[in-house]
Amino acid sequence: MTFMPHSQNTVDPVKLEKLAEVAVKVGLQLQKGQDLVITAPVVALPLVRLITKHAYQAGAGLVSAFYSDEETTLARFQYGSDESFDRASDWLYEGMAKAYANGAARLAVAGDNPMLLSEQDAGKVGRANRATSTAYKPALEKISNFDINWNIVSYPNPSWAKVVFPDDPEPIAIAKLAKAIFAASRVDVSDPVAAWAEHNANLAKRSAWLNGERFASLHFKGPGTDLTVGLADGHEWHGGASTAKNGITCNPNIPTEEVFTTPHALRVEGHVSSTKPLSHQGTLIDNIQVRFEGGRIVEAKASRGEEVLNKVLDTDDGARRLGEVALVPHSSPISASGILFYNTLFDENASCHIALGQCYSKCFLNGATLSQEQIKAQGGNSSLIHIDWMIGSNKVDIDGITPDGSRVPVMRQGEWA
């Protein structure tokens, strides 16, 4: 029997082919002879097959794919022994870390049901997340330190589509989500590779302006938000395509609308409210409100998913500190679509955001040459996690604060000033 995902007939095959091509040629810039590790939901098999084809056509060494399945995940929470929730497949993640150390590229296909674990025991969800974060750290460090070229793209999983478009029949919901993914990923045009080159150039201009200003901090002001984010010493802004330590220029996130850098882990003060829900490991966390003192979250609450949020914050000391701050105009194509994707890859590109946890070493001047001790001394945060959540809207203003204390408008009502 041939496995045939039931979303296949409602997804435009031409655009799906283009997405696979963009993932390999733009997202990864996969090199001849380079191995590729793919992770994906099993329903995304049609996209994985196309990515694998384009990877081998680009001269890939060996392509290895690993699949997740929602029913299998739920079975663990329904029938697994209690002690199993403190374990993860460390052998698998160690193998991935070894592959990356040996030069393999990494591609993740996103698209899991954001509500998958919403009815499961929050304590077990938190323990399982912590165990996975701990086991994944050797591989995550290769990614977050930008040792390798890596990329994330998305596939319109039927269960995800029904969360985004709950009032539509499943085939219509899948078709709508697929159309939105293709538009945001810039593959609904005649030449997606050229479209990405132009987009990357525009993001590079924004990064260059911010790098020229050398702000000491950013001040966010809006409803429920009065937050000063100190920037790490020697921080560097990035956006769009970036060059990994292996010398390959790639686009880690498709789509992307952000320019981002590293905050100073000890210099964040004030309070901030989320402007979109955070979908984390199958749990929806909504209306997040946190207060920072000395860079650390000292108070946190949410109207939904608060228990999971607090367990995330207790992962380690770095989980209560920031590893990224990113600027996105409210008029970005993803924001303008009016769609709440319940998926961080998309929703973070509709809004300015911050990330709890691990920083990116590439967001420092000469970051590739800095040791972990030097990154920490300059304010870079270290953690098992890296979780983005949205704090921007058309009601949020942002000022850049220079070392002498003067203020420069960066954004007004969510748009570049």
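Numbers for residues simply follow the sequence, beginning at 1. All values below come from the heavy atoms of this structure, side chains included, with hydrogens, waters and symmetry mates left out. Note that the structure is predicted; figures quoted are calculated from it, not measured.
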According to the interplanar angle, ranging from 0 to 90°, do the rings of Trp209 and Trp416 count as parallel (below 30°), tilted (30 to 60°) or perpendicular (above 60°)? perpendicular
> Can a salt bridge be assigned to the pair Asp188 and Lys18 using a cut-off of 4.0 Å between side-chain N and carboxylate O?
Replying inline: no
Here the gap from Leu384 atom CG to Asn129 atom CG, rounded to the nearest 0.5 Å, amounts to 12.0 Å
Under 3.5 Å, side chain of Ser274 to main-chain N/O of Pro277, donor-acceptor pair present?
-> no
dist Leu365:CG -> Glu236:CD (nearest 0.5 Å) comes out at 5.0 Å
Does the side chain of Gln31 pick up a donor-acceptor pair with the side chain of Asn246 at under 3.5 Å?
no
Item to complete: Report yes or no: do His54 and Glu17 form a side-chain donor-acceptor pair below 3.5 Å?
Response: yes
Query raised in the report: Can you check whether Asn251's main-chain N or O pairs, donor with acceptor, with Trp150's side chain at less than 3.5 Å?
Result: no
Do NZ/NE/NH1/NH2 and the carboxylate oxygens of Arg186 and Glu257 come within less than 4.0 Å? yes
Between Trp237 and Asn211 the two heavy atoms that sit nearest each other are N-OD1, 2.7 Å
- Sub-4.5 Å side-chain heavy-atom contact between Asn381 and Thr262: no
* Side chain proximity check, Val42 to Thr72, heavy atoms < 4.5 angstrom -> no
Salt-bridge criterion met for Lys124 and Asp121 (N-O under 4.0 Å): no
For this session: Verify side chain to side chain donor-acceptor pair (under 3.5 Å) between Asp316 and Ser383, making sure each step is shown before the conclusion.
Result: CA-CA 7 Å; Asp316 53 27; Ser383 176; 2.9 Å; yes
Between Asn113 and Asn157 the two heavy atoms that sit nearest each other are N-ND2, 4.1 Å
- Message: Suppose we call two aromatic rings close when their centres sit under 6.0 Å apart. Are His386 and Tyr360 close by that rule?
- Response: yes
Exercise for review: Would you check if Arg214 and Thr402 make a side-chain contact, meaning some heavy-atom pair closer than 4.5 Å?
Suggested key: no
Are any of the side-chain nitrogens in Asp286 or Arg304 under 4.0 Å away from the carboxylate oxygens of its partner? no
Start with the C-alpha gap between Ile288 and Val272, add the side-chain angles, then the distance that decides, and say whether side chain to side chain contact (heavy atoms under 4.5 Å, CB included) holds. CA-CA 8 Å; Ile288 301 170; Val272 62; over 6 Å; no
Expected output: side-chain Ser118 to main-chain Thr283 donor-acceptor under 3.5 Å
no
Margin query: I'd like to know if Arg127 pairs up with Asp82 as an ion pair, taking the criterion as any Lys NZ or Arg NE/NH1/NH2 lying under 4.0 Å from an Asp or Glu carboxylate oxygen.
Written below: yes
Q) Between Cys352 and Ile398, does a side chain to side chain contact (heavy atoms under 4.5 Å, CB included) hold up when you go through it step by step? A) CA-CA 10 Å; Cys352 294; Ile398 304 172; 3.8 Å; yes
Evaluate whether atom CD of Gln78 has more than 12 neighbouring non-hydrogen atoms of other residues, nucleotides or ligands under 6.0 angstrom away. yes
For a 4.5 angstrom cut-off between non-hydrogen side-chain atoms, does Asp191 reach Val193?
yes
State, with a plain yes or no, whether a side-chain heavy atom of Met411 is found less than 4.5 Å away from one of Phe220.
-> no
For side chain to side chain contact (heavy atoms under 4.5 Å, CB included), just list the numbers for Phe66 and Leu92, CA-CA rounded to whole Å, side-chain angles, deciding distance to a tenth of an Å, and then say yes or no. CA-CA 10 Å; Phe66 299 87; Leu92 174 63; 3.7 Å; yes
Residues Ala326 and Phe260: closest non-hydrogen pair is CB-CB, 3.7 Å
- Query: Regarding Glu258 and His353, is there a side-chain donor-to-acceptor distance under 3.5 Å anywhere?
  - Reply: yes
Are the charged groups of Arg267 and Asp233 less than 4.0 angstrom apart, N to O? yes
Treating Thr132 as the side-chain partner and Ala128 as the backbone partner, does any N or O pair qualify as donor plus acceptor under 3.5 Å? yes
Between the CG atom in Leu340 and the OG atom in Ser337, the distance rounded to the nearest 0.5 Å is 9.5 Å
Discussion item. Would you say CD of Glu415 has more than 12 non-hydrogen atoms from neighbouring residues, nucleotides or ligands within 6.0 angstrom?
Written reply: yes
Can you tell if the side chain of Val11 reaches within under 4.5 Å of the side chain of Pro156, non-hydrogen atoms only?
yes
Exercise for the section: Is it possible for you to check whether Lys245 lies under 6.0 Å from the centre of the six-membered ring of Phe146, through NZ or CZ, and within 45° of that ring's axis? Expected result: no
What one should report as the nearest heavy-atom pair of Phe85 and Gly80 is CE1-O, 3.9 Å
Arg320 side chain vs Ile297 backbone, donor-acceptor pair below 3.5 Å: yes
- For the pair Thr243 (side chain) and Thr249 (backbone), establish whether a donor and an acceptor sit closer than 3.5 Å, ignoring hydrogens and angles. no
Taking NZ, NE, NH1 and NH2 as the nitrogens, is one of them in Asp168 or Lys176 under 4.0 Å from a carboxylate oxygen of the other? yes
- [ ] Would you indicate whether the side-chain heavy atoms of Asp69 and Pro41 approach each other to under 4.5 Å?
- [x] no
*Is Lys376 atom NZ crowded by more than 12 heavy atoms from other residues, nucleotides or ligands, each under 6.0 Å away?*
no
What one should report as the nearest heavy-atom pair of Ala139 and Tyr93 is CB-O, 3.9 Å
Rounded to the nearest 0.5 Å, the CG atom of Asn149 sits from the CG atom of Leu28 at a distance of 6.0 Å
Rounded to the nearest 0.5 Å, the NZ atom of Lys179 sits from the CG atom of Asp12 at a distance of 10.5 Å
Output, in order, the C-alpha distance, side-chain angles, deciding distance and verdict of side chain to side chain contact (heavy atoms under 4.5 Å, CB included) for Leu74 and Phe77. CA-CA 5 Å; Leu74 283 175; Phe77 284 87; 5.5 Å; no
Chi angles and distances behind the salt bridge (Lys or Arg N to Asp or Glu O under 4.0 Å) call for Asp317, Arg296
CA-CA 9 Å; Asp317 181 63; Arg296 187 173 186 272; 3.6 Å; yes
Next on the checklist: Closer than 3.5 angstrom, by distance alone: can the side chain of Glu348 be matched with the main-chain N or O of Trp389 as a donor-acceptor pair?
Outcome noted: no
Any side-chain to backbone donor/acceptor pair from Asn145 onto Ser361? Under 3.5 Å, distance only. no
Exercise for the section: Without swapping roles, check the side chain of Ser185 against the backbone of Val187 for a donor-acceptor pair under 3.5 Å. Expected result: no
Practice task
Answer yes when Asp399 and Arg412 have at least one side-chain N-carboxylate O distance shorter than 4.0 Å, and no when they do not.
Solution key: yes
Under 3.5 Å: donor-acceptor pair, side chain of Thr225, backbone of Lys221
no
| Side chains of Leu116 and Thr73: closer than 4.5 Å at any heavy-atom pair? | yes
In terms of heavy-atom contacts, Ala135 and Ala88 come closest through CB-CB, 3.8 Å
Output for pair (Asn253 CG, Asn151 CG), nearest 0.5 Å, gives 7.5 Å
